[in-house]
Number of protein chains: 2
Amino acid sequence: MGGFWFTEKQTENFGITMKINRTLHTETTEFQHLEMAETAEWGNMLFLDGMVMTSQRDEWVYHEMVAHVPLFTHPNPEKVLVVGGGDGGVIREVLKHPSVKKAVLVEIDGKVIEYSKKYLPEIAGELENERVEVIVGDGFMHIAESQNEYDVIMVDSTEPVGPAVNLFTKGFYAGISKALKEDGIFVAQTDNPWFKADLIQQVQRDVKEIFPITTLYIANIPTYPSGMWTFTMGSKKHNPLEVAEDRFHEIDTKYYTKELHNAAFVLPKFVKDLTE
Amino acid sequence: MGGFWFTEKQTENFGITMKINRTLHTETTEFQHLEMAETAEWGNMLFLDGMVMTSQRDEWVYHEMVAHVPLFTHPNPEKVLVVGGGDGGVIREVLKHPSVKKAVLVEIDGKVIEYSKKYLPEIAGELENERVEVIVGDGFMHIAESQNEYDVIMVDSTEPVGPAVNLFTKGFYAGISKALKEDGIFVAQTDNPWFKADLIQQVQRDVKEIFPITTLYIANIPTYPSGMWTFTMGSKKHNPLEVAEDRFHEIDTKYYTKELHNAAFVLPKFVKDLTE
């Protein structure tokens, strides 16, 4: 096919492959293997441990859907925590909500922040915003030390291998519940139903034991395994499917709309079955 | 990575790759290059001109969504035409509707039918059903020769290259309109919005000039480019978003539900923009 190609094996027997124009940075950090490259199809792209994290061309799907669904579900989110998400994309979307006074980012790997700022500036640029506090540290520990503090918590983690393994445990969800205020909401990326059905079922079971309103919603992310991504939401009080019409305000997006807010919770049958 | 891998370049610079356990059949037919292989991830799989057509593991998404959305939109579909679709998957879904008295399949390449029956029996098995008439011939010509005959027409074609190029023209949609009864409905697969936005826009424009109710709906198909697939529907009278609740009947599916019937029309913003 000519030139250099990067292939991610999304399963043992299936993957995606893409042409690399040039490598921008490669480094084994304290936590993981980090690669930044310019791809011919997706623009600049961040890989961690050989897995696609984000690309300039399709990053907005994930970032918008992580941020806007819980933030419109909450009637007045003022203090928000993002665990992981060192590329800054979720923070950028969070700041589109004028009610948010403070957004805290806790990313374990400072190198992700450093190289995202350098090579993904449209994604990471808002990390410098005065409403944002960036902490390079362990999100699990930050959660454990927080109590009744946040309106919305978003878990923007890697897969449940390597540094993110603690972020898919029941103890973590219990900690999140404690760190949230009495009407708080959390959302976590929970991989895809084609290759990780067991994970989705497990997380749904665990979150249901802690949060009275537990839901699952989906989005199409072409560079992620199977193209269908799931997000698990746990809410203490507010139902994402009962958002008052006047709660929605105009927002600059490419994927999220207020109509899609509801439609994203309507699951294909085989996905719905994983939540029951 | 070991063993033989098949790679489909979905664009010049991006593709999917999968492990092949063994090749089942390879042949250059009168119309295209046909390959059937047993893959490690997706089961048996049909490729035409190097592009994934269908796999045992995910075929039901496409086949259910092509068939059930128009068939539940129509109040009483009795005579149905499938153009292309020689693997038989759409026909199998069509026959789940008891109102259907006759389903006609017009597939240009008899070899697709032959090898689907041999290697994809759960998909192609219903081609033998007594309610089905299989015609090996040119769908474009069949449409041109039909008048006021069908309740629902489904275009299950390959990409607009090779034998299917005529099936993406305005003349073809005009022919479909003529072949349909006065309250007829047609649906066509219209590729994906990430790599083929121009095609979707063109088809929407063309169909709107012919059908008063033109819509677009989506489904997640992991082995198709970008994972997000679109279907364009043209309807003379019946609105797919105004189906009477009691029109839906129980149906054995893995993807389609009556709730998803409506949600599939709620498009991400960048896709919605292609329809306007």
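Quick note on labels: first sequence line is chain A, next is B, and so on, each numbered from 1. The shown structure was predicted, so the numbers you read here are calculated from the model rather than taken from an experiment. Values below: all heavy atoms of this structure, side chains included; hydrogens, waters and symmetry mates excluded.
To the nearest 0.5 Å, atoms OG1 (Thr7(B)) and CD1 (Ile16(A)) are separated by 12.0 Å. Here Glu41(A) contributes atom CD and Lys9(B) contributes atom NZ; the two are 10.5 Å apart, rounded to the nearest 0.5 Å. Between Thr17(A) atom OG1 and Glu8(B) atom CD the span is 12.5 Å, to the nearest 0.5 Å.
Contact of Glu12(B) with chain A is made through the backbone alone, with heavy-atom distances under 4.5 Å. Of the two parts of Ile218(A), neither the backbone nor the side chain holds a non-hydrogen atom closer than 4.5 Å to a non-hydrogen atom of chain B. Contacts between Asp58(B) and chain A at a heavy-atom distance below 4.5 Å involve backbone atoms as well as side-chain atoms. Contacts of Thr257(A) with chain B are made by side-chain atoms alone, with heavy-atom separations under 4.5 Å and no backbone atom involved.
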task: Tell me, with the steps shown, if Asn220(A) and Trp194(B) meet side chain to side chain contact (heavy atoms under 4.5 Å, CB included).
output: CA-CA 11 Å; Asn220(A) 168 261; Trp194(B) 287 94; 3.1 Å; yes
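Across all their heavy atoms, Val266(B) and Leu260(A) have their closest contact at O-CD1, 3.4 Å.
With respect to chain B, the highest number of heavy-atom pairs below 4.5 Å among Ala263(A), Ala40(A), Pro268(A), Gly227(A) belongs to Pro268(A). The most heavy-atom pairs under 4.5 Å with chain A, out of Tyr224(B), Phe6(B), Trp60(B), come from Trp60(B). The most heavy-atom pairs under 4.5 Å with chain B, out of Glu259(A), Arg57(A), Met18(A), come from Arg57(A).
Ring pair Phe14(B)/Trp42(A) is perpendicular by interplanar angle, where above 60° counts as perpendicular and below 30° as parallel.
Residues of residues 269-276 of chain A lying within less than 4.5 angstrom of chain B, judged on heavy atoms, are Lys269(A), Phe270(A) in numerical order.
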